[in-house]
K.L.:
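This structure is in structure tokens; I'll ask about it shortly.
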Amino acid sequence: MLIRKLFKFENAHIVRNCTSDRCRRSIHGHSYQVELILEAHRLDHGQMVYDFGLLKGQIRDIIDSFDHAICFWNQDDEGYIAACKQYSARWISLPVSPSAEQFSRFFFFLADSILRQTITHNGEGDVTVHSVIVHETATGYAQCFRADVENEQMGLLKLQDFEFSEQVQIEWADPQMFEKMKQGLSFENPLVEHSVRVDG
């Protein structure tokens, strides 16, 4: 079974080396919509794949990091990167170009990392990220599957190659969240008191 959670944010970038002149040479922004699609083959004690409320924690924070921020490829011009850091309190350095395709890949990667490090307490089963769809405009989107994340031809993704500005980090519910991700530390979902008896 699949479930979908929609996230929205505003973000600015330049997509270097792309064909469109406006996109590769000028800072511009988009109203992004991110569809996180989760998959499981069993339901939890609330008879859900994964409680939508649980997605308001670390996963929401990591996606919200991109709201009103500027993203840049860490291979871009040093002067441009320095200007982004100087004139924007909210910035994110990426190991890949900030295209819609790469947004879908690294949101899959980041959400998957959080899920794998999360201890659950309500009978959740084999919950995994099925795919991520990133709408860059009303007419265009990119969709990523696990095979795309693992495809080295599309660029290696490693947590240590992402960098979030100090302002982004202090706005997280847990300012140490990304450090915990990089260290492989666990996140823990709340304990649940059942009002209906369930087995298992």
Side-chain angles (χ1 to χ4, degrees), residues 4-37 55 58-114 129-172 177-178 181-182:
R4 163 194 176 270
K5 180 67 173 175
L6 179 67
F7 301 88
K8 298 180 179 182
F9 61 88
E10 312 295 324
N11 187 269
H13 66 182
I14 294 178
V15 184
R16 300 296 190 192
N17 301 341
C18 73
T19 303
S20 302
D21 186 67
R22 289 183 181 182
C23 293
R24 73 173 182 263
R25 300 202 315 152
S26 298
I27 297 173
H28 60 284
H30 297 285
S31 296
Y32 286 89
Q33 295 190 57
V34 176
E35 298 182 58
L36 175 65
I37 301 167
L55 298 176
Q58 290 86 11
I59 288 178
R60 180 185 64 183
D61 273 358
I62 206 74
I63 295 175
D64 186 64
S65 301
F66 292 80
D67 186 50
H68 286 75
I70 187 163
C71 293
F72 51 82
W73 189 2
N74 62 13
Q75 301 301 308
D76 209 322
D77 178 81
E78 291 181 6
Y80 171 68
I81 290 174
C84 288
K85 291 181 176 182
Q86 180 178 355
Y87 294 107
S88 180
R90 293 178 58 83
W91 54 263
I92 301 162
S93 175
L94 303 169
V96 291
S97 178
S99 64
E101 290 82 352
Q102 293 290 15
F103 263 87
S104 70
R105 289 184 74 237
F106 63 67
F107 279 141
F108 188 119
F109 173 72
L110 294 169
D112 186 61
S113 297
I114 290 169
V129 180
H130 171 271
S131 62
V132 171
I133 299 173
V134 172
H135 299 259
E136 193 173 73
T137 66
T139 59
Y141 71 75
Q143 184 169 10
C144 172
F145 298 91
R146 188 170 300 278
D148 303 314
V149 174
E150 297 169 354
N151 185 344
E152 292 187 17
Q153 186 276 330
M154 296 186 184
L156 286 173
L157 297 175
K158 296 183 289 186
L159 289 174
Q160 58 265 33
D161 292 337
F162 290 80
E163 185 181 359
F164 297 86
S165 72
E166 181 180 358
Q167 183 62 41
V168 168
Q169 294 181 56
I170 65 175
E171 292 181 25
W172 293 333
M177 172 181 65
F178 195 63
M181 289 174 64
K182 290 191 290 185

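Note that the numbering runs from 1 along the sequence shown for the chain. Bear in mind the structure is a predicted one, so any value in this text is a computation, not a measurement.
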K.L.:
Nearest heavy-atom pair of Asn11 and Ala69: which atoms, and what distance?
P.N.:
ND2-O, 3.1 Å

K.L.:
Is any side-chain heavy atom of Trp91 less than 4.5 Å from a side-chain heavy atom of Ile81?
P.N.:
no

K.L.:
Can you name the nearest heavy-atom pair linking Lys5 to Leu55, along with the distance?
P.N.:
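Nearest heavy atoms, Lys5 then Leu55: CB-CD1, 3.7 Å.
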
K.L.:
Within the structure provided, determine whether Ile59 and Phe7 are in side-chain contact (heavy-atom separation under 4.5 Å).
P.N.:
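Contact flag for Ile59/Phe7 side chains = yes.
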
K.L.:
Please report the interatomic distance CG(Leu6) to CD(Gln33), rounded to the nearest 0.5 Å.
P.N.:
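Result: 5.0 Å between the selected atoms.
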
K.L.:
Taking salt bridge (Lys or Arg N to Asp or Glu O under 4.0 Å) as the definition, give me every residue that meets it alongside Lys182, ordered by chain and number, with sequence neighbours left out.
P.N.:
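Lys182: salt bridge (Lys or Arg N to Asp or Glu O under 4.0 Å) contacts with Glu179.
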
K.L.:
Applying side-chain hydrogen bond (donor to acceptor under 3.5 Å, both in side chains), can you list everything that pairs with Ser26, at least two apart in sequence or on another chain?
P.N.:
none

K.L.:
Quick check against the 3.5 Å criterion: does Ser20 have a side-chain atom that pairs as donor or acceptor with the backbone of Arg22?
P.N.:
no

K.L.:
If a pair satisfies salt bridge (Lys or Arg N to Asp or Glu O under 4.0 Å) and one of its residues is in residues 99-109, list it, with sequence neighbours excluded.
P.N.:
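Found none.
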
K.L.:
What distance do Asp76 atom CG and Cys84 atom SG have between them, rounded to the nearest 0.5 Å?
P.N.:
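Atom-to-atom, Asp76:CG and Cys84:SG are 7.5 Å apart.
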
K.L.:
Measuring from Ser99:OG to Met154:CE, what's the distance to the nearest 0.5 Å?
P.N.:
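It comes to 10.0 Å.
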
K.L.:
Please enumerate all residues that pass salt bridge (Lys or Arg N to Asp or Glu O under 4.0 Å) together with Arg60, with sequence neighbours excluded.
P.N.:
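Partners of Arg60 by the salt bridge (Lys or Arg N to Asp or Glu O under 4.0 Å) criterion come out as none, since no residue qualifies.
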
K.L.:
Measure centre to centre between the rings of Phe66 and Phe106, then say whether the value is under 6.0 Å.
P.N.:
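Between Phe66 and Phe106, the centre distance is under 6.0 Å.
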
K.L.:
Please find the pair of heavy atoms, one from Ala100 and one from Val134, that lie closest to each other, and give the distance.
P.N.:
O-CB, 4.1 Å

K.L.:
Could you tell me which non-hydrogen atom of Pro98 sits nearest to which non-hydrogen atom of Val15, and how far apart they are?
P.N.:
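Heavy atoms only, the tightest pair is O-CG2, 3.8 Å.
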
K.L.:
Measure the acute angle between the ring planes of Tyr141 and His135, then classify it against the limits of 30° and 60° as parallel, tilted or perpendicular.
P.N.:
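Plane angle between 30° and 60°, so tilted.
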
K.L.:
Could you measure the distance from the CG atom of Asp61 to the CZ atom of Phe164? Nearest 0.5 Å is fine.
P.N.:
10.5 Å

K.L.:
Within a 6.0 Å radius of atom CZ on Arg25, are there more than 12 heavy atoms belonging to other residues, nucleotides or ligands?
P.N.:
no

K.L.:
Of the options Val132, Val129, Ile133, which is the one that meets Ile37 in a side chain to side chain contact (heavy atoms under 4.5 Å, CB included)?
P.N.:
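Option passing the side chain to side chain contact (heavy atoms under 4.5 Å, CB included) with Ile37: Ile133.
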
K.L.:
Roughly how far apart are His13 NE2 and Cys23 SG, rounded to 0.5 Å?
P.N.:
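Reported to 0.5 Å precision, the distance equals 6.5 Å.
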
K.L.:
Is it true that a side-chain atom of Arg16 and a backbone atom of Arg24 form a donor plus acceptor pair closer than 3.5 Å?
P.N.:
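Judged by distance alone, yes, a pair lies under 3.5 Å.
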
K.L.:
Once side-chain hydrogen bond (donor to acceptor under 3.5 Å, both in side chains) is applied, what residue pairs with a partner in residues 143-155 remain, sequence neighbours excluded?
P.N.:
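Every side-chain hydrogen bond (donor to acceptor under 3.5 Å, both in side chains) pair that includes a residue of residues 143-155, provided the two are not neighbours, is Asp112-Arg146, Ser131-Gln143.
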
K.L.:
Are Tyr32 and Lys8 packed together at the side-chain level, in the sense that at least one heavy-atom pair is separated by less than 4.5 angstrom?
P.N.:
no

K.L.:
Take Phe109 and Leu159 through the test side-chain contact (heavy atoms from CB on, under 4.5 Å) and record every step on the way to the result.
P.N.:
CA-CA 9 Å; Phe109 173 72; Leu159 289 174; 3.6 Å; yes

K.L.:
Side-chain contact, heavy-atom cut-off 4.5 Å: Ser65 with Phe178?
P.N.:
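A side-chain contact under 4.5 Å is absent here.
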
K.L.:
From Glu163 CD over to Lys85 NZ, what is the distance, rounded to the nearest 0.5 angstrom?
P.N.:
4.5 Å

K.L.:
Name the residue from Ser97, Ser88, Ser93 that meets the side chain to side chain contact (heavy atoms under 4.5 Å, CB included) definition with Phe72.
P.N.:
Ser93

K.L.:
Can you tell if the side chain of Ile63 reaches within under 4.5 Å of the side chain of Phe9, non-hydrogen atoms only?
P.N.:
yes

K.L.:
Go through the structure and list residues passing salt bridge (Lys or Arg N to Asp or Glu O under 4.0 Å) with Glu10, not counting sequence neighbours.
P.N.:
none

K.L.:
Do you know which two heavy atoms are closest between Phe162 and Leu157, and how far apart they sit?
P.N.:
CZ-CD2, 4.2 Å

K.L.:
Checking Arg90 side chain against Ser165 main chain: does a donor-acceptor pair fall under 3.5 Å?
P.N.:
no

K.L.:
Has the side chain of Gln58 got a donor or acceptor atom that lies under 3.5 Å from a matching backbone atom of Met177?
P.N.:
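Such a contact is absent between Gln58 side chain and Met177 backbone.
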
K.L.:
Show the nearest heavy-atom pair for residues Ala111 and Leu36, with the distance to one decimal.
P.N.:
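Smallest heavy-atom distance, with atoms named: CB-CD1, 4.0 Å.
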
